[in-house]
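As structure tokens, the structure follows; a few thoughts come after it.
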Amino acid sequence: MSSAPNQTPNVSDQARKRQSRKDEIIRKKAETDLNKKMSQNRQRAGPDVPQSQAATAVNSATAAGTSAMATPNRKRGPSIAAGTVAALRPAPALTVRDGISITEAAQLMAAKRADSVLVIDEEESLAGIFTAKDVAFRVVAEGRDARTTYVRDIATRNPLCVTSDTPATDALNTMVARGFRHLPVCNEEGDVVGLLDVIRC
């Protein structure tokens, strides 16, 4: 019986290492796919067109489902620069106030099939991130009562975030290097606009 507590940290360390290896494989695959798409965009645009114009032309053509030459004067929505966080198409972020209970947050996550929520303060600015891993490690494992514990007590405060025009490789490298599965995407004012998930990138 006395050997069981010694094995528990070993098992969790091994699980973390396995997850880190899986995350690294996913990151490398995402980076390879992104580089492949970027090189295809450059090839389609031709050698005489600057890279930024090529990316805009290819993205506009892809969004419209037609060639860029077919409708040169047609107005489209804002173009997405290739190789940026915006090109990874961050998922809409599920947000909660920092004063709700862990039970309420977990129920919302289950209902929306999300494994994380972004925590916002009274000014609607990003204040933290709360994940399913937090429920397991910081609530259940520590024996806290989920009904009387608040998200603000458990969430990771002031998480690192990126903007839509951050290079995608920088965002992915940050996620892997720091062991983040999720990375919030904010605008210049600090308002949440999306969420990157390393598995879905």
Side-chain angles (χ1 to χ4, degrees), residues 5 8-27 30 84-201:
T8 304
N10 227 0
V11 171
S12 64
D13 287 345
Q14 290 172 351
R16 284 190 188 119
K17 287 177 184 175
R18 279 195 304 272
Q19 187 61 45
S20 293
R21 284 194 295 267
K22 288 179 186 176
D23 289 347
E24 179 67 18
I25 290 167
I26 291 166
R27 185 199 65 79
T84 62
V85 166
L88 295 175
R89 305 207 184 276
L94 187 59
T95 59
V96 297
R97 295 273 182 194
D98 60 1
I100 72 167
S101 71
I102 299 298
T103 300
E104 292 170 314
Q107 288 171 343
L108 177 64
M109 290 164 63
K112 299 291 185 179
R113 296 188 178 270
D115 49 11
S116 68
V117 291
L118 297 181
V119 182
I120 55 173
D121 59 19
E122 295 79 24
E123 288 85 35
E124 302 283 326
S125 294
L126 181 64
I129 185 168
F130 178 72
T131 67
K133 190 174 178 180
D134 293 328
V135 174
F137 287 92
R138 295 181 179 173
V139 179
V140 177
E142 293 179 7
R144 296 185 188 214
D145 184 352
R147 293 168 296 193
T148 59
T149 305
Y150 297 102
V151 169
R152 68 174 156 254
D153 301 327
I154 301 299
T156 301
R157 306 298 290 175
N158 303 315
L160 184 66
C161 59
V162 294
T163 59
S164 295
D165 58 354
T166 300
T169 52
D170 289 355
L172 292 170
N173 285 334
T174 298
M175 293 173 83
V176 171
R178 296 189 176 217
F180 299 160
R181 179 170 171 197
H182 306 95
L183 190 60
V185 181
C186 296
N187 61 19
E188 286 73 21
E189 291 79 39
D191 299 323
V192 176
V193 295
L195 182 69
L196 286 178
D197 186 330
V198 75
I199 292 177
R200 296 184 180 130
C201 286

- Looking only at heavy atoms, the pair that brings P159 and G128 closest together is CD-CA, 3.5 Å
- Message: Would you compute the distance between atom CG of N158 and atom CG of L126 and round it to the nearest 0.5 angstrom?
- Response: 8.0 Å
- Using the test side-chain hydrogen bond (donor to acceptor under 3.5 Å, both in side chains), find all partners of T166 that sit at least two apart in sequence or belong to another chain. T163
- Note on the structure: Rounding to 0.5 Å, atoms CG (L183) and CD1 (I129) come to a distance of 8.0 Å
- Query: Which residues pass the salt bridge (charged side-chain N to carboxylate O under 4.0 Å, His left out) test with E142, sequence neighbours left out?
  - Reply: R144
- Which heavy-atom pair separates L88 from A168 by the least distance, and what is that distance? CD1-CB, 3.7 Å
- Taking every heavy atom of V139 against every heavy atom of I102, the minimum-distance pair comes out as CG2-CG2, 4.0 Å
- Task: If a pair satisfies side chain to side chain donor-acceptor pair (under 3.5 Å) and one of its residues is in residues 120-129, list it, with sequence neighbours excluded.
- Result: R97-E124
- Any sub-3.5 Å donor-acceptor pair from N173's side-chain atoms to T169's backbone N or O? yes
- Message: Which residue is it: V85, L195, V192? I am looking for the one with a side chain to side chain contact (heavy atoms under 4.5 Å, CB included) to V185.
- Response: V85
- Output yes when a side-chain donor or acceptor of S164 lies under 3.5 Å from a complementary backbone atom of A86, and no otherwise. no
- Item | Minimal non-hydrogen separation, F130 against A155, with atom names | CB-CB, 4.2 Å
- If you look at every heavy atom in D197 and M175, which pair is closest and at what distance? C-CE, 4.0 Å
- Item | Atom pair OG1/CZ of T131 and F137 - distance to nearest 0.5 Å | 9.5 Å
- Atom CD1 of I100 and atom CG of D98: how far apart are they, to the nearest 0.5 Å? 9.5 Å
- Mind jotting down which residue pairs meet the salt bridge (charged side-chain N to carboxylate O under 4.0 Å, His left out) criterion with at least one end in residues 149-170? Sequence neighbours excluded, please. none
- Query: Considering only heavy atoms from C-beta outward, does the side chain of V96 approach that of L108 to under 4.5 Å?
  - Reply: yes
- For D134, the salt bridge (charged side-chain N to carboxylate O under 4.0 Å, His left out) test, sequence neighbours excluded, returns R138
- Do you know the tightest heavy-atom contact between L118 and G194? CD1-O, 4.1 Å
- Distance (rounded to the nearest 0.5 Å) between Y150 OH and T103 OG1: 10.5 Å
Sequence neighbours excluded and cut-off under 3.5 Å, please list the side-chain donor-acceptor pairs for residues 109-116, or say none.
unit_1 : atom_1 : unit_2 : atom_2 : d
D115   : OD1    : H182   : NE2    : 3.0
D115   : OD2    : R181   : NH1    : 2.8
D115   : OD2    : R181   : NH2    : 2.9

